Asker: 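The structure under discussion is supplied below as structure tokens; questions concerning it will follow.
Counting starts at 1 for both ligands and their atoms, in listed order. Excluded from the calculations below are hydrogen atoms, water molecules and symmetry mates; all remaining heavy atoms, backbone and side chain alike, are included. Quantities reported herein were computed from a predicted structural model and do not represent experimental measurements.
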Amino acid sequence: MSPAPLFRRVALIGIGLIGSSLARVMLREGDLAGEIVASARTEATLATVMRLGIAHRVEADPARAVEGADLVILGAPVGAYAGIMEKIHKHLAPGAILSDVGSTKQSVVRDVGPLVPAGVHFVPAHPIAGTEHSGPEAGFAELFQGRWCILTPPPGTDEAAVEKLATLWRRAGSNVETMEPTHHDRVLAITSHLPHLIAWTIVGTAADLAEDTKQQVLKFSASGFRDFTRIAASDPVMWRDIFLNNREAVLEMVQRFAEDLSVLQRAIRWGEGDVLMEKFSRGRAIRRGVIDAKQA
Ligand code: NAP
């Protein structure tokens, strides 16, 4: 007889890039989930999930999907969490772990926390892994390999529940770290949210310039600009929700960034090559740090 799986039944509420990648991990490993149940907003996504064979069952109604599940993972844009919780909270099984994969964490504690029934273990999570692609077809089991997954359990959360969820993410290939939601949101504001905001700004500026000058600016994208266009292709709904739900930290980082940009602007204006050299050399050192941390 094969040993009992880590989770008897896992409900994925929202199964796009991240949810489907996790489903693929669970199917690959074999002993993580006895049954995978998926729910999404549209029939088209549910049909795709069945066609791909990445869940054992799909349910249009998220309340039905979570019934009897010992692990529920929210994998929709964070702005949809409150509405989903309204539908599912009365149907969560006692003793279940309720988690998510959302890119902001204070908002998840705010929107989900108050509706978590007694006896359900709430362990928010954020895998720091992704691509600019969306939907269940974009997922792949190796997505989380060598990446971080940050858990932000509220104080007093059952340690065994936290450890069980950490086991799932470790088996997905991730390194797991626990953090305060406020700290998470500040760190991600600078490492992920601000870079995306810059990408949309620069891509928009270039597109406007092309329109103004009636010249084919975008034809010459093969330089640094190309990397920005990749980031700027990310899902607009997901990112709108991230910015609206991590407002304070993002605005602080935009302010810091604007100040630092002014320093470079001034150095260029006044021909201060030494200032530019110092800033650019620091950049190389930071890149080396990212490579050494195996996050390149
Ligand atoms: P995605 O590929 O766009 O998939 C989103 C899923 O959520 C789809 O199954 C979608 O269903 C469902 N959904 C959307 N709105 C919903 C609603 N109102 N109610 C119920 N289900 C809804 O998104 P993703 O990239 O996997 O991102 C999912 C979550 O992971 C987000 O919170 C995001 O912040 C976080 N995250 C993303 C990345 C990344 O790089 N993409 C990385 C780390 C964390 P339909 O297809 O039927 O609309």
Asker: As a check for students: among Pro77, Ser39, Gly16, Gly14, identify the option with a heavy atom nearest to atom 14 (C) of ligand 1.
Answerer: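 Going through Pro77, Ser39, Gly16, Gly14 one by one, Pro77 has the nearest heavy atom to atom 14 (C) of ligand 1.
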Asker: Among all the protein's non-hydrogen atoms, which is closest to atom 7 (O) of ligand 1, and how far away is it?
Answerer: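 Nearest protein contact, heavy atoms only, for atom 7 (O) of ligand 1 is Ala76 CA, 3.4 Å.
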Asker: Starting from atom 3 (O) of ligand 1, locate the nearest protein heavy atom and write down its residue, its atom name and how far away it is, to 0.1 Å.
Answerer: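 Atom 3 (O) of ligand 1 sits closest to the protein heavy atom Ser134 CB, 3.8 Å.
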Asker: Identify the protein heavy atom lying closest to atom 48 (O) of ligand 1, giving its residue, its atom name and the separation to 0.1 Å.
Answerer: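 It is Arg41 NH2, 2.7 Å.
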Asker: Enumerate the atoms of ligand 1 whose separation from the nearest heavy atom of Thr131 is less than 4.0 angstrom.
Answerer: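 In order of numbering, the contacting atoms are 40 (O), 41 (N).
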Asker: Is the shortest distance from a heavy atom of Ala138 to ligand 1 less than 4.0 Å?
Answerer: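 It does not, in that no heavy atom of Ala138 comes within the 4.0 Å cut-off of ligand 1.
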Asker: Under 4.0 Å from any heavy atom of Ile15, which atoms of ligand 1 are there?
Answerer: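 So the answer, numbered in order with elements, is 6 (C), 8 (C), 9 (O).
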Asker: Anything under 3.5 Å between a donor and an acceptor, one on a side chain of residues 184-198, the other on a protein residue two or more places apart or in another chain? List them.
Answerer:
from   : atom 1 : to     : atom 2 : distance (Å)
His184 : NE2    : His126 : ND1    : 2.8
Asp185 : OD1    : Lys105 : N      : 2.8
Asp185 : OD2    : Gln106 : N      : 3.0
Arg186 : NH1    : Glu252 : OE1    : 2.4
Arg186 : NH1    : Glu252 : OE2    : 3.2
Thr191 : OG1    : Val187 : O      : 2.9
His193 : ND1    : Asn246 : ND2    : 3.1
His196 : ND1    : Ser192 : O      : 2.8

Asker: For atom 26 (O) of ligand 1, grab the closest protein heavy atom and report residue, atom and distance to one decimal in Å.
Answerer: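 Answer for atom 26 (O) of ligand 1: Ile18 N, 2.8 Å.
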Asker: So, the side chain of Asp100 versus the backbone of Ala125: is there a donor-acceptor pair under 3.5 Å, distance only?
Answerer: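 Confirmed, Asp100 side chain pairs with Ala125 backbone.
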Asker: Taking side chain as C-beta onward, heavy atoms only, is Lys164 less than 4.5 Å from Val123?
Answerer: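 SC-SC contact between Lys164 and Val123 ruled out.
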Asker: Does a side-chain N-to-carboxylate-O contact under 4.0 Å join Asp31 and Arg171?
Answerer: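 Salt bridge present between Asp31 and Arg171.
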Asker: Polar-atom distance check: Pro127 versus ligand 1, any N or O pair below 3.5 Å?
Answerer: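 Min N/O separation from ligand 1 is not below 3.5 Å for Pro127.
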Asker: Which of these, Gly102, Gly75, Ala80, has its nearest heavy atom closest to atom 6 (C) of ligand 1?
Answerer: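 Selected option, by shortest heavy-atom distance: Gly75.
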Asker: Identify, for atom 35 (C) of ligand 1, the protein heavy atom at the shortest distance, and state residue, atom and that distance.
Answerer: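 Scanning the protein heavy atoms, the shortest distance from atom 35 (C) of ligand 1 goes to Val101 O, 3.3 Å.
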Asker: Could you tell me the residue and atom name of the protein heavy atom closest to atom 39 (C) of ligand 1, and the distance to it rounded to 0.1 Å?
Answerer: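 Checking every protein heavy atom, the shortest distance to atom 39 (C) of ligand 1 gives Met238 CE, 3.5 Å.
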Asker: Could you tell me whether atom 10 (C) of ligand 1 has at least one protein heavy atom nearer than 4.0 Å?
Answerer: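 It does not; no protein heavy atom is within 4.0 Å.
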Asker: Identify which of Thr42, Thr104, Asp235, Asp241 has a heavy atom lying nearest to atom 47 (O) of ligand 1.
Answerer: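 Nearest option to atom 47 (O) of ligand 1, by heavy atoms: Thr42.
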Asker: Linking directly or through intermediates, with side-chain heavy atoms under 4.5 Å: list the remaining ILVMFWY members grouped with Val108, chain and number order.
Answerer: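 Members other than Val108 - counting any ILVMFWY side chain reachable under 4.5 Å - are Ile13, Val66, Val72, Leu74, Val78, Tyr81, Ile84, Met85, Ile88, Leu92, Leu98, Val112, Leu115, Val116, Val120, Phe122.
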Asker: Any donor and acceptor pair, going by atom type alone, linking the side chain of Ser234 with main-chain N or O of Glu132 inside 3.5 Å?
Answerer: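 Answer holds: no.
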Asker: So if I count the atoms of ligand 1 from 1 in the order they appear, which ones are less than 4.0 Å from some heavy atom of Gly135?
Answerer: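 Close to Gly135: 1 (P), 2 (O).
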Asker: In the protein, what heavy atom is nearest to atom 20 (C) of ligand 1, and what distance, to one decimal place, separates them?
Answerer: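 Answer, as residue, atom name and distance: Ile84 CD1, 3.6 Å.
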Asker: From the options Ala60, Gly130, Ser103, Ala129, select the one whose nearest heavy atom is closest to atom 42 (C) of ligand 1.
Answerer: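 Residue with the shortest heavy-atom distance to the ligand atom: Ala129.
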Asker: Could you tell me whether the side chain of Leu6 reaches within less than 4.5 Å of the side chain of Leu71, counting heavy atoms only?
Answerer: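 Not in contact.
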Asker: For Val101 and Gly75, work out which heavy atoms get closest and say how close.
Answerer: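 It is CG2-CA, 3.7 Å.
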Asker: How about CZ on Arg247, more than 12 heavy atoms from neighbouring residues, nucleotides or ligands closer than 6.0 Å, or not?
Answerer: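 At most 12 heavy atoms, drawn from other residues, nucleotides or ligands, come within 6.0 Å of this atom.
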Asker: Could you find the nearest protein heavy atom to atom 46 (O) of ligand 1 and give me its residue, atom name and distance?
Answerer: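 Going by distance alone, atom 46 (O) of ligand 1 is nearest to Thr45 OG1, 2.5 Å.
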Asker: May I ask you to decide whether Lys279 forms a salt bridge with Glu272, counting only side-chain N to carboxylate O separations under 4.0 Å?
Answerer: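 Here Lys279 does not pair with Glu272 in a salt bridge, since their nearest N and O are not under 4.0 Å apart.
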Asker: Any idea which atoms of ligand 1 are less than 4.0 Å away from a heavy-atom of Val78?
Answerer: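 Near Val78, meaning under 4.0 Å from one of its heavy atoms, ligand 1 has 32 (O).
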Asker: Checking the side chain of Ser20 only, and the main-chain atoms of Gly16 only, is there a donor and an acceptor separated by less than 3.5 Å?
Answerer: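 Here the side-chain-to-backbone pair exists.
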Asker: Before signing off on this row, confirm whether Gly19 and ligand 1 have an N or O atom pair separated by under 3.5 Å.
Answerer: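 Such a contact does not occur with ligand 1.
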Asker: Can an N or O of His133 be found at a distance shorter than 3.5 Å from an N or O of ligand 1?
Answerer: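 For ligand 1, there is no N or O atom that lies under 3.5 Å from one belonging to His133.
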Asker: Taking Arg9 for the side chain and Glu67 for the main chain, is one N or O donor matched with an acceptor at less than 3.5 Å?
Answerer: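 Yes; judged by distance alone, with no hydrogens or angles, the pair exists.
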Asker: Distance-only, no hydrogens or angles: does the Trp200 side chain make a donor-acceptor pair with backbone N or O of Ala232 under 3.5 Å?
Answerer: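 Yes, because the side chain of Trp200 sits within donor-acceptor range (under 3.5 Å) of the backbone of Ala232.
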Asker: In ligand 1, which numbered atoms sit nearer than 4.0 Å to a non-hydrogen atom of His126?
Answerer: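 The list of qualifying atoms is 43 (C), 44 (C).
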